[in-house]
Visitor: 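Here it is, the structure in full.
All ligand and atom numbering here is 1-based and tracks the order in the structure.
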Amino acid sequence: MSTAIEFRNICKSYGEKVVLDDFNLCIEKGEFVTIIGSSGCGKTTALKLVNGLLTPDAGEILIGGEDISGMDQVQLRRNIGYAIQGSVLFPHMTVEQNIAYVPNLLNRHDKKRTREAVDKWMRIVGLDEELKRRYPDELSGGQQQRVGIARALAASPELLLMDEPFGAVDEITRAQLQTELRRIWEQTGITVLFVTHDISEALKLGSHVLVMDAGRIEQYATPAELLRSPATDFVHRLVERERRACRLPDGQLADCEWSGAGAARQ
Ligand SMILES: Nc1ncnc2c1ncn2[C@@H]1O[C@H](COP(=O)(O)OP(=O)(O)OP(=O)(O)O)[C@@H](O)[C@H]1O
Ligand SMILES: [Mg+2]
C-alpha cells in the first residue's frame, strides 16, 4: 500500500482563530475516507488544503509523496475532483458544458469521447438527458448537486474530495448516490475524502472514518473498529446509537453491513 495523501505537521489559522494545530494524518491510496465532526472543527479547511485552495501556515501536504507547494496548481487541481454542497457550477455554461469541461481539456481532439463521458456520468448520477441543454439556474438544488458530482467524476480524478455532497437531495436519491459512489470507488481504485454530518453515512460509505473535534483527530479507524472500540468520549457519543442498532441479544456487536465495507475492494 502506498500513501495517497499525507498531512504533515499542518497548522492553519484564520487571523487569531487556530483551526488546525499540528495536524498529522496519512491516508493510504484507494481508501474511502469519511470525515465527520462538529461544525467548525476544520473539515472543509482540511479538504481545501489538499487541493491547494488554501495554503498551510506551517507543515506540508504530500500527494503521492510529493509536497504540493512545489507543484503546478492548475495541474494539481485537474487531478483532483472536488464536489461541494451548493452549486459551484459555471453559471454561463449548460449542464453538458459543465460536465464536459475537464474532459474537453483532456481529449481536445476527441469530441466523441467527451460526449460519451458526459452521457455516461449523467446516467450514473441519474440526470435525464433532456437536462443537457439547461443552465444551472434552471435546475433544482438536487439536480445541480448531481451535475456537480458528475463534473467532478468526469475528470477521472485519482483523488476525489467531497464536502457534504448529498446535502440537498432526498433520502431515496441519497441512497442511490451512495450506492453509485461506492460502486465507482470499488471499480476505479480512486481515493475519496468525503465530509458528512451523518454518522450512519460515514460508517456505511467509509473504508476508514476520520472523526475530528476542534481541529484534532479523535480517531482514524475502520467503521468496525470505531464501533467496537471508540477511542474517546466524543467518538463514543457519536457512535452510541449505531452501536445499539448493531447489538445482538447476547450483547456482542453484530457484524454490521458496514463492517464489511472496507474489505469490499481488497
Ligand atoms: N475564510 C475564513 N475566515 C475566517 N474564519 C474562517 C474562514 N473559513 C473558515 N473559518 C473558520 O474556521 C473554522 C473551521 O472552518 P471549516 O469550514 O473548516 O469547518 P467545518 O468543519 O467544515 O464546519 P462545517 O461542518 O460547519 O462545514 C470555523 O470556526 C470557521 O468559522
Ligand atoms: Mg464545512
Side-chain angles (χ1 to χ4, degrees), residues 5-27 31-61 63 68-69 73 76-77 80-89 141-142 144-146 148-149 151-152 157 159-169 174 177-178 181 191-206 208-221 223 226 230-242:
I5 306 166
E6 183 177 353
F7 294 84
R8 193 181 281 174
N9 308 116
I10 290 291
C11 299
K12 180 69 190 171
S13 305
Y14 298 103
E16 297 286 286
K17 165 110 187 138
V18 179
V19 179
L20 300 176
D21 185 15
D22 198 22
F23 186 87
N24 288 282
L25 180 69
C26 267
I27 293 168
E31 291 281 0
F32 193 133
V33 179
T34 49
I35 307 176
I36 189 161
S38 37
S39 182
C41 73
K43 304 179 294 295
T44 298
T45 301
L47 287 198
K48 286 184 173 171
L49 286 164
V50 173
N51 66 359
L53 285 178
L54 292 172
T55 41
D57 303 327
E60 289 117 49
I61 306 278
I63 294 187
I68 63 167
S69 66
Q73 295 298 298
L76 171 72
R77 266 170 239 158
I80 302 178
Y82 187 44
I84 62 174
Q85 187 171 18
S87 180
V88 285
L89 304 173
Q144 289 180 14
Q145 211 161 56
R146 281 185 251 183
I149 294 166
R151 190 180 62 175
L159 182 57
L160 182 61
L161 309 177
M162 306 185 95
D163 202 345
E164 302 185 53
F166 303 155
V169 295
R174 188 185 172 107
L177 287 175
Q178 286 173 343
L181 184 61
T191 307
V192 182
L193 266 62
F194 182 104
V195 173
T196 174
H197 269 117
D198 177 350
I199 181 65
S200 55
E201 183 170 69
L203 293 166
K204 178 177 165 193
L205 288 180
H208 266 70
V209 183
L210 171 65
V211 183
M212 289 172 64
D213 187 32
R216 275 191 324 273
I217 296 176
E218 294 282 314
Q219 193 164 6
Y220 181 63
L226 215 71
T232 65
D233 281 352
F234 183 87
V235 182
H236 203 277
R237 283 198 303 276
L238 192 66
V239 299
E240 186 51 32
R241 203 170 58 90
E242 307 295 324

Visitor: Just by distance, do the side chain of R8 and the backbone of E60 share a donor-acceptor pair under 3.5 Å?
Guide: no
Visitor: Taking T232 for the side chain and V235 for the main chain, is one N or O donor matched with an acceptor at less than 3.5 Å?
Guide: yes
Visitor: State, to 0.1 Å, how close L89 and Q144 come at their nearest heavy-atom pair, and which atoms those are.
Guide: CD1-O, 3.7 Å
Visitor: How far is atom 25 (O) of ligand 1 from its nearest protein heavy atom, and which residue and atom is that?
Guide: K43 NZ, 2.7 Å
Visitor: Under the 4.0 Å line, does any protein heavy atom show up next to atom 18 (O) of ligand 1?
Guide: yes
Visitor: Look only at the side chain of K43 and the backbone of F194, and say whether a donor-acceptor pair between them is shorter than 3.5 Å.
Guide: no
Visitor: Is the Mg ion (ligand 2) under 2.8 Å from any N, O or S atom of T44?
Guide: yes
Visitor: When you measure from the side chain of R77 to the backbone of G52, do you find a donor-acceptor pair of N or O atoms at a distance under 3.5 Å?
Guide: yes
Visitor: Please write down residue, atom name and distance for the protein heavy atom closest to atom 26 (O) of ligand 1.
Guide: S39 OG, 2.5 Å
Visitor: For ligand 1, does T44 get within less than 4.0 Å through its side chain, its backbone, both, or neither, judged by non-hydrogen atoms?
Guide: both
Visitor: Below 3.5 Å, N or O to N or O, backbone or side chain included: is there any such pair between V19 and ligand 1?
Guide: no
Visitor: Do any N/O atoms on G40 end up under 3.5 angstrom from N/O atoms on ligand 1?
Guide: yes
Visitor: At a non-hydrogen distance cut-off of under 4.0 Å, which region of E164 contacts ligand 1 (side chain, backbone, both, or neither)?
Guide: side chain
Visitor: Any non-hydrogen side-chain atom of D198 less than 4.5 Å from a side-chain atom of F166?
Guide: no
Visitor: To the nearest 0.1 Å, how far is atom 29 (O) of ligand 1 from its closest protein heavy atom, and which atom is that?
Guide: K17 CE, 3.1 Å
Visitor: Report yes or no: does a heavy atom of M212 sit under 4.0 Å from some atom of ligand 1?
Guide: no
Visitor: With a cut-off of 4.0 Å, which atoms of ligand 1 are near a heavy atom of H197?
Guide: 25 (O)
Visitor: Run down the list L54, T45, T196, I36 and name the one with the heavy atom closest to atom 15 (O) of ligand 1.
Guide: T45
Visitor: Check whether any side-chain N or O of D163 sits under 3.5 Å from a backbone N or O of T44 as a donor-acceptor pair, and report yes or no.
Guide: no
Visitor: Yes or no, since that's all I need: does a protein heavy atom fall within a distance strictly under 4.0 Å of atom 11 (C) of ligand 1?
Guide: yes
Visitor: Is there a donor-acceptor pair closer than 3.5 Å between any side-chain N or O of Q145 and the backbone N or O of P165?
Guide: yes
Visitor: Given L161, which partner from the list I35, N51, L53, T191 fulfils the side-chain contact (heavy atoms from CB on, under 4.5 Å) test?
Guide: N51
Visitor: Can you tell me which residue and heavy atom of the protein come closest to atom 2 (C) of ligand 1, and the distance to 0.1 Å?
Guide: Y14 CD2, 3.4 Å
